[in-house]
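Quick caveat: nothing in here was measured; it's all calculated off a predicted structure.
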Amino acid sequence: MSTSEPNSSSSDSNLSFSERHYFSSYDHFGIHEEMLKDETRTLSYRNAIYQNSHMFRGKVVLDVGCGTGILSMFAARAGAKHVIGVDMSTIIDMAKKIVELNGLSDKITLLKGKMEEVVLPFDKVDIIISEWMGYFLLYESMLDTVLYARDRYLVSDGLIFPDRATLHLAGIEDGDYKEEKIGFWSDVYGFDYSPFQEVALTEPLVDTVDMKAVVTDAAQILDLDLYTVQKTDLEFSKDFYIKSRRNDFIHAFIAWFDIEFSKCHKPIRFSTGPHAKYTHWKQTVFYTRDTLTINHGEVITGRLTNKPNAVNPRDLDITIDYEFQPEDDESRHSSASCQYKMC
């Protein structure tokens with residue numbers, strides 16, 4: 001995800017504890033180093049902007065969650081009339097130095113504060129750029145802030161970069177790592193620590209998954225059009241149907257997202273899936289209690305439900321209900337309602 005969600009010029013004391021924790025997590029340069037070195041992420045944004053400089057030339061651009069200012073500088077170099085970058089994290093102080101060092105201070109205005117409270121030097125903007133995505137697309141996401149900026153500042157025929165995001169789910173074989181992460185607690189130096197297994201099963205794991213571990217087809221469980229999506233759409237429930245590609249075992253579901261800049265002259269896309277080049281978002285793994293023994297062509301059906309946590313809306317409560325019912329072998333039947341919390 002891009003640096004902290006832009007939000008307010010008011011004092012930090014007006015922020016909740018969860019907001020202060022979130023914004024402060026982007027204060028250190030290390031997380032920005034990781035994002036900037038993610039070439040899939042950064043070059044996709046650069047290409048979308050530079051290869052479409054005709055769309056940026058002479059336009060007013062708003063960078064929501066500007067962080068170190070890299071997207072703002074891309075837009076300025078592409079010929080934008082002016083770029084406004086907004087961010088709540090103190091990293092924006094470093095961004096101001098970087099913008100000045102690169103001779104772009106006359107083209108870029110950086111504002112520290114919450115998007116909902118800062119006063120922009122322009123009433124409307126022509127383009128919104130933002131790297132708002134989090135793990136599982138929506139964890140600690142700033143998408144609701146981008147939607148606020150869209151509704152408040154974007155001209156009627158304005159552009160959003162990127163403007164489409166899709167979320168996908170598949171089943172994987174991951175027996176060795178599941179044993180290391182979950183099975184470990186059954187015998188810890190001769191003691192039964194099994195209560196920790198229940199905790200471990202509810203916490204999704206963000207990690208890289210080898211494409212060879214993917215057993216099933218993928219199901220699309222979310223499709224966001226940033227021109228029309230509403231905040232209420234980020235709480236959703238979606239049925240899925242995934243078919244096995246081979247005889248194997250399934251120990252977990254994984255999720256990943258794809259991003260598209262669809263308004264480009266030549267659309268630019270990137271994926272965070274196991275089939276694609278590494279990104280810092282990796283994939284999100286949801287271990288199941290049961291191991292499924294599945295044959296080629298057999299199907300798992302289910303429903304994934306996602307909603308913001310009631311206490312901290314940046315956390316996610318996720319439920320995966322699934323059923324696997326082979327026609328010829330009742331002993332392999334499995335169904336469950338798995339509860340997870342990303343926090």
Side-chain angles (χ1 to χ4, degrees), residues 134-139 166-186 193-222 236-258 271-276 278-307 315-326 332-343:
Y135 300 131
F136 188 68
L137 184 62
L138 298 176
Y139 173 60
T166 54
L167 186 64
H168 306 269
L169 188 78
I172 63 167
E173 187 284 320
D174 197 23
D176 290 343
Y177 200 70
K178 182 181 180 182
E179 177 61 26
E180 179 182 330
K181 178 176 171 60
I182 310 296
F184 165 78
W185 298 107
S186 62
Y193 269 59
S194 57
F196 275 108
Q197 288 183 322
E198 302 304 313
V199 176
L201 281 167
T202 66
E203 295 183 354
L205 176 71
V206 175
D207 204 353
T208 54
V209 175
D210 194 302
M211 185 60 196
K212 293 183 294 185
V214 179
V215 177
T216 71
D217 293 337
Q220 181 177 289
I221 57 174
L222 187 66
F236 64 91
S237 190
K238 174 73 173 181
D239 292 337
F240 64 84
Y241 172 104
I242 50 177
K243 180 182 290 188
S244 179
R245 297 172 174 172
R246 61 177 184 265
N247 295 356
D248 212 325
F249 302 98
I250 291 180
H251 302 94
F253 297 102
I254 63 163
W256 68 89
F257 61 87
D258 297 346
S271 177
T272 66
H275 57 284
Y278 170 87
T279 73
H280 76 282
W281 289 287
K282 305 176 186 178
Q283 293 88 47
T284 305
V285 182
F286 302 89
Y287 286 109
T288 57
R289 185 180 305 281
D290 295 337
T291 297
L292 308 186
T293 304
I294 196 167
N295 294 327
H296 180 269
E298 292 180 333
V299 171
I300 302 170
T301 58
R303 173 175 284 259
L304 186 147
T305 302
N306 174 82
K307 62 181 180 179
D315 294 344
L316 299 177
D317 294 330
I318 301 166
T319 301
I320 299 178
D321 299 303
Y322 74 86
E323 180 158 11
F324 173 55
Q325 192 163 12
R332 292 190 288 122
H333 172 262
S334 179
S335 62
S337 180
C338 307
Q339 313 289 327
Y340 306 94
K341 182 178 180 181
M342 292 195 73
C343 58

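- Annotation: the span from Asp321 atom CG to Ser337 atom OG amounts to 3.5 Å, rounded to 0.5 Å.
- A distance of 11.5 Å separates CD in Gln220 from CG in Leu169, rounded to the nearest 0.5 Å.
- Ring orientation note: the planes of Trp256 and His275 are nearly perpendicular, at an angle over 60° on the 30°/60° scale.
- Nearest heavy atom pair, residue Ala276 against residue Ser271, reads CB-O, 3.5 Å.
- Taking 4.0 Å as the cut-off between side-chain N and carboxylate O, Lys212 and Glu173 do not count as a salt-bridged pair.
- The stretch residues 237-246 participates, sequence neighbours left out, in these side-chain hydrogen bond (donor to acceptor under 3.5 Å, both in side chains) pairs: Asp217-Arg245, Ser237-Arg303, Ser237-Thr305, Asp239-Arg303, Arg246-Asp248.
- In this structure, the separation between CG on Asp258 and CG on Leu137 is 10.0 Å, given to the nearest 0.5 Å.
- A 6.0 Å sphere centred on CZ of Phe236 holds more than 12 heavy atoms belonging to other residues, nucleotides or ligands.
- Ring-centre distance between Phe286 and Tyr340: below the 6.0 Å cut-off.
- The shortest distance between side-chain heavy atoms of Ile294 and Ile300 falls below 4.5 Å.
- Listed for the Gln197 side chain is a donor-acceptor partner under 3.5 Å among the backbone atoms of Ile182.
- With hydrogens and angles ignored, the 3.5 Å screen pairs a side-chain donor or acceptor of Lys178 with a backbone N or O of Thr288.
- No side-chain heavy atom of Phe324 sits under 4.5 Å from any side-chain heavy atom of Val299.
- Applying the side-chain hydrogen bond (donor to acceptor under 3.5 Å, both in side chains) rule to pairs touching residues 198-208 yields Glu198-Arg289, sequence neighbours excluded.
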Inset, instruction - Go through the steps for Ser334 and Tyr322 under the test side-chain contact (heavy atoms from CB on, under 4.5 Å), then give the verdict. - result: CA-CA 8 Å; Ser334 179; Tyr322 74 86; 3.1 Å; yes

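- With Asp317 contributing its side chain and Lys341 its backbone, the two residues share no donor-acceptor pair below 3.5 Å.
- Between Leu205 atom CG and Thr284 atom OG1 the span is 8.5 Å, to the nearest 0.5 Å.
- Taking the six-membered ring where the residue is Trp, the centroids of Phe240 and Phe253 are separated by under 6.0 Å.
- Taking the six-membered ring where tryptophan is involved, the planes of Tyr193 and Phe196 are essentially parallel, since the angle between them stays under 30° and well short of 60°.
- Separation of atoms CZ (Arg332) and CG (Asp290) is listed at 14.0 Å; rounding is to 0.5 Å.
- Closest of all the heavy-atom pairs between Ala218 and Ala170 is CA-CB, 4.2 Å.
- In this structure, Ile172 CD1 and Ile250 CD1 are separated by 9.5 Å, a value rounded to the nearest 0.5 Å.
- Shown here are the side-chain hydrogen bond (donor to acceptor under 3.5 Å, both in side chains) partners of Thr293, two or more places apart in sequence or in another chain: there are none.
- Here the side chain of His251 pairs a donor or acceptor atom with the backbone of Gly175 at under 3.5 angstrom.
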Legend entry - Full working for side-chain contact (heavy atoms from CB on, under 4.5 Å) between Leu316 and Phe136: CA-CA 10 Å; Leu316 299 177; Phe136 188 68; 3.7 Å; yes

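- Put simply, the side chain of Thr166 never gets that close to the backbone of Leu222: no donor and acceptor are under 3.5 Å apart.
- Remark: side-chain polar atoms of Gln283 are paired, donor with acceptor, to backbone N or O of Val209 under 3.5 angstrom.
- Considering only heavy atoms from C-beta on, Pro195 stays 4.5 Å or farther from Trp185 through its side chain.
- A heavy-atom distance below 4.5 Å is found between the side chains of Lys181 and Tyr287.
- Looking at Val206 and Met342, their side chains come closer than 4.5 Å, going by heavy atoms from C-beta outward.
- With Glu179 contributing its side chain and Asp176 its backbone, the two residues share no donor-acceptor pair below 3.5 Å.
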